Amino acid sequence: MKFLFGNLKFSKASVQTKFYLFFLLYFIVSALVVTAVKRQDFKTCEQSSFCKRNRAYADRLTANHSLISHYSVIQDSIIIKDGIISGDLINSENNLIFIFELHLLEIGAARVRINEKNPLKPRYDKAKDWALIQDPSYTLEYTLISSKPDVTSLSFGKERKQAVSIYHSPFRVEFLVNDVPIITLNDRGFLNIEHLRKQVAPGLVDQSNGENDKIIDDENDLDKGLWKETFNGKEDSKPNGPESIGLDISFPGFSHVYGIPEHASSLSLKETRGGDDSYSDPYRLYNLDVFEYEVDNPMALYGSIPFMMAHRKGASAAVLWLNAAETWIDITKNKEDKHRLSSLLGFGKLTPTSTSAHWISESGVIDVFAFLGPTTSDIFYQYGLLTGFTALPQSFAIAYHQCRWNYLNQEDVAEVDENFDKYDIPYDVIWLDIEHTDGKKYFTWDTVKFPTPEKMQNNIGIKGRKMVTIVDPHIKIDDNYYIYKEAKDLDLFVKEPDGRVYDGCYVNTGSSSWVDFTNPSAQEWLIKKFAFDQYKGSTEYLFTWNDMNEPSVFNGPEITMPKDLIHHGGWEHRNLHNIYGIAYHSATSKGLINRSNPPRRPFVLSRAFFAGSQRYGAIWTGDNFAKWDHLAIATPMLLTIGISGLPFSGADVGGFFGNPDTELLVRWYQAGAFQPFFRAHAHIDTKRREPWLFGDPYTGYIRDIIRERYALLPLWYTLFHEASTTGMPIIRPMFTVYPEDEETYAMDDQFFVGNSLLVKPIVNEGQTSTEVYFPGNEIYYDYFTHKKVHGSGKVQIEAPINKIPVFLRGGSIVPKRQRIRRSSAAMRTDPFTLLIALNKYVNDGETYDYEKGHFIHLQFKFSKRKLFSKPLSLLNNDENLYAQSISSVRVERIIVLGLDLKPKHIYADCIDGSKIKRELQFGLPTTNSANVVIIKGTDLLITE
Amino acid sequence: AHLYEAKGPDWTCLDGSATIPYEAINDDFCDCTDGSDEPGTSACPNSKFYCRNVGHISSFISSSRVNDGVCEPECCDGSDEYDGKIKCPNTCKETNAEYTKKLKELEKLRTQGIRIRKEYIEKGRKIKTKNAAELNRLEIELRAAKIRVKEREVALKKIEDSKTDTEQSAPKGNRERMKKLHERIIALKGDINKLHEQIDTLLSILKDMKNNHNQNYHDMAVKTAIKAYDEFLEEYNKDMETEDGDEVEENYEDNYDDIPDKEKPQIEEPIPSYQERFLEILWEIKDGVLELFGLQDHKSKRYHSSSSSRDTPKELSDARDAFEEAEQEQKDIENHIDEVKSKLSQDYGLEYEFAALDNECFSYDSGDATQKSNKDHSSTDLGNFAKWIGAESSNDPRYYTRMLYEDGARCWNGPARSVKLYLECGADNQILSVSEPEKCEYHMRMISPAVSDDIHNF
């Protein structure tokens with residue numbers, strides 16, 4: 001036994017003894033074997049009784065054409081008042097009465113609500129409290145077109161271009177734009193509301209209300225699981241019995257629908273009733289922690305946004321199915337239009353495809369918003385007005401983030417920080433995962449590894465950098481842990497059906513309880529916990545990461561909470577499962593806002609999400625894998641999430657599980673640099689993979705692309721501003737930029753950043769060239785070389801390992817900053833470079849002052865060989881503190897691509913003539929084949 | 001500064017990439033490809049900014065650090081921040097004082113280190129000489145031992161030859177021996193049954209783990225163990241199937257006494273080798289499990305087959321013992337030689353300075369974990385010295401500043417443990433820090449006077 005030249009030994013605390021067990025088995029196994037997701041851990045539609053019942057209901061109607069919807073409007077029950085059309089429906093099968101309301105909204109949308117008229121007890125209707133910024137107001141701009149016994153029709157909107165027809169028997173609602181139907185509810189008759197009932201005897205259904213309750217179906221076992229169901233040995237007690245809702249929503253004439261994240265699937269949604277390139281199970285929305293998820297799969301993932309958009313030439317439409325319970329969506333497309341509607345469409349000889357979605361939720365009421373467009377940008381705006389726009393983040397949040405489970409201690413953090421400087425790679429945020437805590441108790445620090453957290457944060461904060469720590473919702477049961485003690489004393493935990501506090505298991509903490517964030521007192525309480533004097537060791541440089549908020553419960557059914565747990569107000573978990581995450585995210589976000597005075601913009605990354613999460617921060621696509629197919633699927637996943645109102649999203653660069661080889665890692669960095677949230681992250685069992693560990697040329701490639709992200713931060717920031725005011729996605733599917741080009745409708749391997757950069761990430765091993773589709777008649781320039789792309793449509797493009805195909809779309813102006821420094825904050829007062837631009841937006845990137853007009857928003861226009869700068873905000877106003885603070889910031893360089901003639905003189909001028917006309921110097925780089933002019937703008941102020 | 005002398009209205013970039021008006025130098029716009037026109041601004045990303053640092057040592061910083069809102073420690077005069085965003089005080093006086101103090105301390109340490117290092121080199125030389133002498137001595141001994149072995153082998157052969165006839169004419173003694181062997185077999189079979197029971201217990205423990213573990217937790221270790229268990233089970237079951245064929249033989253052995261002697265099999269391996277191998281493994285697993293649950297006391301006493309004592313006349317046994325003893329002696333000497341040789345061939349540094357540290361034990365206490373070289377029964381093997389990795393070539397002075405230890409105990413979920421030991425020069429031997437930047441790969445920093453000081457330029 002020798003030290004230096006012999007053998008090293010390491011004795012640790014007793015925890016290490018358990019290593020032996022597995023270590024010895026290694027004599028038999030040689031390779032680390034990794035299996036993919038355990039599908040059997042998660043339900044299929046067949047295993048979820050309400051999904052099975054609603055599918056069977058739909059199948060019965062589809063199989064028998066003489067069957068029609070059982071629901072019809074009761075004669076003369078319709079009342080039209082103040083933008084609300086209401087009436088009663090009767091279900092002919094059991095004679096139960098339902099009430100429906102149709103709201104015509106100011107935002108260019110309509111809302112349809114259906115509930116039981118006299119339910120046994122109230123049905124859950126609080127999803128709206130989390131998803132909507134407020135109850136939308138009704139429009140009075142409408143005209144009754146016809147009020148016949150079989151149909152009630154109104155036109156609405158200022159120009160009365162939108163219309164709705166309510167067909168009475170069977171009940172069917174049709175929305176039209178310019179007299180063309182674009183959305184139809186209950187076209188196929190799948191409307192089904194399982195009324196609340198009393199359990200007569202175990203397994204039997206109360207039939208007092210109806211003659212033949214169709215739920216009973218011995219042949220298909222459909223009566224099973226009405227009052228109790230078991231999955232993988234875990235029982236759901238279901239004291240309220242069946243209470244599901246179902247409805248088909250069709251988009252006549254649309255062959256592509258998008259949205260309903262989160263799924264590891266394509267942008268254009270697939271059919272779900274079998275067949276080629278189709279799924280056999282519906283898309284599922286049920287926030288779940290899925291270990292090593294599979295790509296190209298409709299299984300539920302971490303977040304749910306029940307928003308679906310349809311697009312075709314000349315029209316776009318969308319719906320929001322506002323429900324927080326487990327939801328399944330079957331999608332079918334009809335090529336030869338069998339629908340009863342076909343005659344109304346009037347497409348002539350065309351045989352248009354129609355797409356229909358069958359929405360099925362376990363409980364709650366029917367609450368559907370129909371967004372009528374007519375363009376995709378209209379829909380983004382309408383949806384944003386309803387659920388809120390993306391909160392404008394602090395500027396560091398859109399820069400580069402460095403994360404790993406885990407940076408071990410303060411020395412490790414300091415070393416990583418130093419190495420970024422040493423290798424001249426900028427970064428803004430370093431992250432600490434669960435190991436930074438004292439025994440996985442959030443809001444605490446492991447004082448051995450992190451003895452002086454404030455000092456650590458100040459050391460990086462001085463360089464303009466920030467830190468993020470993880471704060472998860474499971475709370476370790478330990479009376480000596482102040483967070484647990486407080487929550488217990490305030491009675492904030494989620495309860496068992498019998499009233500005891502729920503005690504679940506989270507592997508990292510052991511026995512845990514979960515705070516019920518749907519309880520207003522719990523919100524208030526958590527918000528306070530982020531105050532600097534409460535969260536010891538936190539500073540203004542520290543921000544937050546909410547993980548596991550689906551919620552992830554390791555010993556629960558499907559790795560989440562049992563559905564029969566009880567929340568605030570006595571509501572069962574099943575009603576609100578999908579909003580647990582947003583409720584937590586919201587409180588955390590408000591906590592960060594409130595900790596400073598004046599308030600500062602928060603940054604909170606969440607894994608779970610719902611409609612409206614964009615108001616609270618960023619999300620990421622969860623625990624992905626260091627495999628090429630996971631890199632590839634990130635693009636459609638993020639595009640889908642982006643068009644569903646939540647554009648601040650990203651996928652872990654490098655892949656969370658497994659070890660990426662250098663090629664995959666470089667390609668992942670290149671893709672990540674063009675995604676809104678740009679963070680590298682890795683599992684604790686993986687090799688270290690900080691950029692400098694690979695050596696040149698790979699480290700150089702990674703450095704180059706991170707630096708390019710920093711150069712483009714002004715563009716990203718402008719796009720975030722646009723998203724926060726108009727709802728436009730930041731990375732945009734091709735069809736949203738070229739809505740008339742059918743070629744782009746299913747395209748999801750390339751996209752636009754804003755409207756100016758066309759990006760196609762390389763996602764295949766060994767690939768060095770790719771086909772890029774250049775839409776429209778624009779000229780495209782290679783972003784990096786400024787060379788003109790020859791040809792249009794599909795063009796083969798070289799993409800060696802050091803290059804991601806990125807193109808500048810002709811007619812756009814991109815604001816850049818070409819002095820790359822170690823953090824975005826260090827670049828705050830640097831001059832700009834203009835590379836052909838449309839909109840440029842800058843503010844101090846940190847406070848809320850922009851709401852008071854303290855920002856600069858310039859519109860640049862290039863026409864007739866003149867570049868115009870038009871302020872969209874008040875520049876010379878003495879009140880604009882931001883403009884004053886950067887009054888000396890210049891536009892140092894203007895690069896013009898594609899000028900046909902070489903200029904002789906270039907002048908700067910002020911429109912109001914307040915300054916003398918100045919001649920500018922310029923250069924014509926000889927090394928470049930494109931007609932490039934670089935104008936030297938040493939004295940052009942941004943505020944001029 | 002003469003490079004920037006005004007020799008006319010224009011000035012040419014140092015790389016010749018452009019000719020610009022003289023006023024364009026430091027005009028905060030990058031004109032030259034090499035950045036040479038902007039030595040005093042942040043305009044050229046590839047340029048360097050010069051801090052005069054009067055009163056201390058001047059330095060260059062990257063131009064991206066100019067006017068970035070951070071006072072660079074390299075620019076004690078504060079000249080890197082001049083746009084008014086932040087005021088950097090001139091700290092050159094203090095910096096220099098501290099620097100001078102540190103320099104003195106280092107010089108002291110250095111002198112001390114050089115002295116100790118000289119001692120180490122001296123000690124190393126002695127060790128080398130001693131080892132060489134030892135090798136010489138052992139080689140002589142080995143020659144003698146070899147002769148002894150030869151002699152005794154001849155003697156033994158002689159006795160054996162003379163005894164063969166006698167043995168053959170003593171069937172009774174033989175039968176007696178067979179009977180004893182038979183008893184042993186019965187006992188061994190009992191052991192095997194017991195082992196089988198224990199295997200079953202272990203398998204059921206593992207099976208429970210497989211069934212009850214949380215499949216969604218990202219624990220590669222558990223997953224790997226389960227995978228291993230499945231594979232083991234498959235092979236085990238396969239093996240058990242073939243085992244069944246031995247059933248007949250076992251019955252036949254049970255009635256040993258009834259079988260005519262001639263037909264009695266020669267029993268050399270009571271347990272088939274594969275089974276023996278995995279029984280061995282299972283013993284270890286079982287002990288591991290017991291340890292895991294804190295039941296070390298219940299650890300099984302492992303079965304070891306001892307060579308059967310043979311009922312041989314004293315003369316023969318003496319001869320055999322003598323022969324075996326001589327053989328053992330030869331083996332011991334050979335082992336010893338190997339050891340000395342390996343020490344002699346070990347790379348103890350340029351001047352043999354690390355030899356003095358061979359076998360030394362250093363420990364490090366880092367709060368929750370203790371790092372020790374040996375003597376601790378509950379320690380984990382982190383690896384054996386593999387090579388120096390401070391630089392590509394051993395001529396590089398940095399070559400002897402980093403050591404790699406490999407093939408330590410395998411981690412439950414992946415690689416064999418390994419250590420990178422970073423050495424710096426110092427006045428004594430001391431482990432500064434131990435970390436595990438990724439699973440089962442440890443980094444240690446250590447100071448030692450054995451490290452040559454000329455690799456450090458302050």
Side-chain angles (χ1 to χ4, degrees), chain A residues 1-13 16-29 32-35 38 41 289 291 408-409 411-412 424 448 462-464 507 554-555 559 623 657 683-688 818-822 825-826 828-830 892-893 936 938, chain B residues 27-29 42 45 62 64 68-70 85 214-218 220-221 223-225 227-228 231-232 281 284-285 288-289 291-292 346 354 357-362 367-374 376 378-385 405 408-410 412-414 419 433 435 437-439:
Chain A
M1 306 295 260
K2 307 155 200 175
F3 173 58
L4 271 162
F5 290 90
N7 178 284
L8 280 182
K9 294 243 169 185
F10 190 40
S11 71
K12 236 182 173 176
Q16 282 220 339
T17 51
K18 67 183 172 196
F19 280 45
Y20 292 123
L21 172 59
F22 305 104
F23 152 44
L24 282 161
L25 279 169
Y26 250 85
F27 289 119
I28 305 160
V29 200
L32 184 95
V33 185
V34 179
T35 51
K38 301 268 183 190
D41 282 353
D289 179 5
F291 176 58
L408 305 172
N409 48 38
E411 292 74 44
D412 200 4
D424 211 8
V448 173
I462 264 175
K463 299 180 186 173
V507 162
F554 282 128
N555 61 349
I559 329 299
D623 298 343
F657 294 112
H683 188 276
I684 194 166
D685 284 346
T686 61
K687 304 287 284 174
R688 286 269 175 150
Q818 290 195 335
R819 302 184 182 187
I820 313 302
R821 304 189 187 255
R822 60 179 139 206
R828 190 175 162 263
T829 56
D830 279 343
E892 69 171 336
R893 188 183 290 108
K936 180 170 172 176
T938 36
Chain B
D27 69 342
D28 208 15
F29 183 85
S42 61
S62 163
S64 69
D68 66 346
V70 183
K85 222 180 324 196
N214 188 315
Q215 291 159 325
N216 275 351
Y217 179 49
H218 333 123
M220 299 293 201
K223 289 176 61 192
T224 309
K227 177 85 185 160
E231 285 184 11
F232 170 80
I281 290 163
E284 290 179 39
I285 293 170
V289 172
E291 224 170 277
L292 178 64
Q346 188 67 272
F354 286 98
L357 297 176
D358 197 359
N359 261 330
E360 289 289 318
C361 170
F362 308 106
D368 59 341
T370 310
Q371 161 70 40
K372 270 185 192 161
S373 72
N374 48 32
D376 190 330
S378 70
S379 59
T380 307
D381 183 357
L382 291 184
N384 293 303
F385 173 71
Y405 289 79
R410 192 163 281 281
W412 64 337
N413 56 353
V419 178
S433 68
S435 65
E438 56 197 55
K439 216 147 203 185

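Note on naming: letters A, B, ... go to the chains in the order of the sequence lines (proteins, then strands), and numbering restarts at 1 for each one. Note that the coordinates shown come from a computational prediction; the quantities given were computed from them, not determined experimentally. Computed from heavy atoms alone, side chains included, the values below leave out hydrogens, waters and symmetry copies.
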Against chain B, label A/Glu411 side chain, backbone, both or neither, depending on which of its atoms sit under 4.5 Å from a heavy atom there. neither
What closest approach, in Å, do B/Ser435 and A/Leu408 show between heavy atoms, and which atom pair accounts for it? CB-CD1, 4.4 Å
So A/Arg819 and B/Asp28, do their side chains get closer than 4.5 Å, heavy atoms only? yes
Work out which heavy atom in A/Ile462 is nearest to a heavy atom in B/Val70; give both atom names and the distance. O-CG2, 3.4 Å
In Å, rounded to the nearest 0.5 Å, how long is the span from NZ of A/Lys687 to NZ of B/Lys439? 13.0 Å
Rounded to the nearest 0.5 Å, how far does NE2 of A/His683 lie from CD of B/Glu438? 13.5 Å
Residue part contacting chain A, namely of B/Pro45, when any heavy atom lies under 4.5 Å: side chain
How far does OG of B/Ser62 sit from CD1 of A/Ile820, to the nearest 0.5 angstrom? 11.5 Å
With a 4.5 Å cut-off on side-chain heavy atoms, are B/Asp68 and A/Lys463 touching? no
Chain B: which of A/Gln818, A/Arg821, A/Arg822 shares the most heavy-atom pairs with it under 4.5 Å? A/Arg821
Chain A contacts, top residue of B/Ser433, B/Gly408, B/Pro437, B/Gly69 (heavy-atom pairs, under 4.5 Å): B/Pro437
